[in-house]
Amino acid sequence: MPELPEVETVKRGLERLIVGKTIKSVDYDWAKSFPNSNNDVQQFLIDSKITKVRRRAKVLIIDLDTNYSLVTHLKMTGQLVFRGDKSFGSGHPNDSLVGKLPDKSTRVTIDFTDGSKLFFNDQRKFGWCRLLPTDEIKNLPFFQKVGPEPLEKEFTAQALLKRLDRRKNSMIKAVLLDQSVLAGIGNIYADEALFMSGIHPESRVANVPKSKLINLHGNIVDVLQTSINSGGSTDKNYIDAEGRKGSFLTFAKVFRREGLPCENCTNDIVKIRVAGRGTHICVKCQVYNEH
DNA sequence: CACTTGACCTGTCCGC
DNA sequence: TGCGGACAGGTCAAGT
């Protein structure tokens, strides 16, 4: 579920909602979701104060004043939902996908000293949340290899071309999904950016004209920014820190639009399978580049 | 090494 | 209605 725009939306919400709060207790029911020792939890989490919320790629980092951090990945179905003491237990915002919390999918509950709570829910249990020394985060294998942030200014068209060059024999969609090439793109925004650029997802990188790759760079930045502006994409599970859905999919041109007419040419959007993932394309507008 | 495929889980939807 | 199978937005490990 959550790709860069969704995690960024959650991050901005939590930044407003939990920075400065003190953790009173934590409750977790599934070892894989929160694989820390009780000793570490007691020593570095309980009674700690939240100093900062950050995002890198699709990973959300909550820094504590103990020089430890809660590092979380929402994977496919994870949610981080905040409830103030007034809303807790008494329902939810009008457009929320979740009701009373904790619910069946709640894996971790954090109680703050002011009575508010943060819930980590994850239906499919792929996600995780772990307590780590803040300065060790950068040593995690994922952070060692992860590529540039597409919304930072060092992500130029030249930078993208250079990173794509290492993977010139792969299908372009597989490369966009590879977090070591570029951080934060997932299935939704790969499909959208390739459609916007007129590139067939099965094209090998080496066969796509340079001019199209330069367009692709701009379209990646545009689609991610547009999605952040609409609070991300809610397909099935995604909600932000206050339980709200995102509205980007109302602007999507191909994702989940199979059988509907392409807005450019009126041909039906079709769904195929690329790199093991459901992939949405317009076969007329997206050229399969082969020299 | 570059690249692709299967595994991790639960829930839902679709066809018989 | 019931049941089996395919599929779902991400990442690793293990395979070719």
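Letters A, B, ... are given to chains in the order of the sequence lines, protein chains preceding strands, and every chain is numbered from 1.
- The side-chain contact (heavy atoms from CB on, under 4.5 Å) test applied to A/Ile18 returns A/Leu14, A/Ile50, A/Val53, A/Ile62, A/Phe82, A/Phe112, A/Leu118, not counting sequence neighbours.
- In this structure, NZ of A/Lys125 is placed 21 Å from P of C/dG9, rounded to the nearest angstrom.
- Of the residues listed (A/Leu4, A/Leu151, A/Ile185, A/Leu194), the one engaging A/Ile220 in a side-chain contact (heavy atoms from CB on, under 4.5 Å) is A/Ile185, and it is the only one.
- Spacing between atom CG of A/Asp240 and atom C1' of C/dG9 amounts to 17 Å, rounded to whole angstrom units.
- Residues A/Asn67 and A/Thr134 bring no donor and acceptor atom of their side chains to less than 3.5 Å of each other.
- Look at CG on A/Asp235: it is 10 Å from P on C/dA8, rounded to the nearest Å.
- The aromatic ring of A/Tyr238 does not sit over the base of C/dG9; the criterion of centres under 5.5 Å apart with planes under 30° is not met.
- Stem analysis of DNA chain C (Watson-Crick or G-U pairs, both distances under 3.5 Å, runs of at least three) returns B:2-8 with C:10-16, B:10-16 with C:2-8.
- In the 5' to 3' direction, nucleotides of DNA chain B lying under 4.0 Å from heavy atoms of chain A begin and end at B/dC3 to B/dG11.
- Comparing the P positions of B/dC9 and C/dA14 gives an interatomic distance of 15 Å, to the nearest angstrom.
- Proximity of A/Arg124 to the phosphate of C/dC7: no side-chain N or O atom is located under 4.0 Å from OP1 or OP2.
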Determine, for nucleotides 11-16 of chain C in 5'-to-3' order, which nucleotides have protein heavy atoms under 4.0 Å from the base (write B), from only the sugar-phosphate (write S), or from neither (write -).
SS----
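- Using a 4.5 Å heavy-atom threshold, the side chains of A/Ile199 and A/Asn215 count as separate.
- Looking at A/Arg204, its side chain does come within 3.5 Å of a backbone N or O of A/Asn169 through a donor-acceptor pair.
- Look at A/Lys271 and you won't find any side-chain N or O under 4.0 angstrom from OP1 or OP2 of C/dA6.
- A continuous path of Ile, Leu, Val, Met, Phe, Trp and Tyr side chains, each step under 4.5 Å between heavy atoms, connects A/Leu60 with A/Leu131, placing both in one hydrophobic cluster.
- Between A/Phe155 and A/His217, the distance from one ring center to the other falls under 6.0 angstrom.
- Under the side chain to side chain donor-acceptor pair (under 3.5 Å) criterion, A/Tyr189 pairs with A/Glu6, A/Ser227, A/Ser233, sequence neighbours left out.
- Annotation: side chain to side chain donor-acceptor pair (under 3.5 Å) contacts of A/Lys253 (sequence neighbours excluded): A/Glu263.
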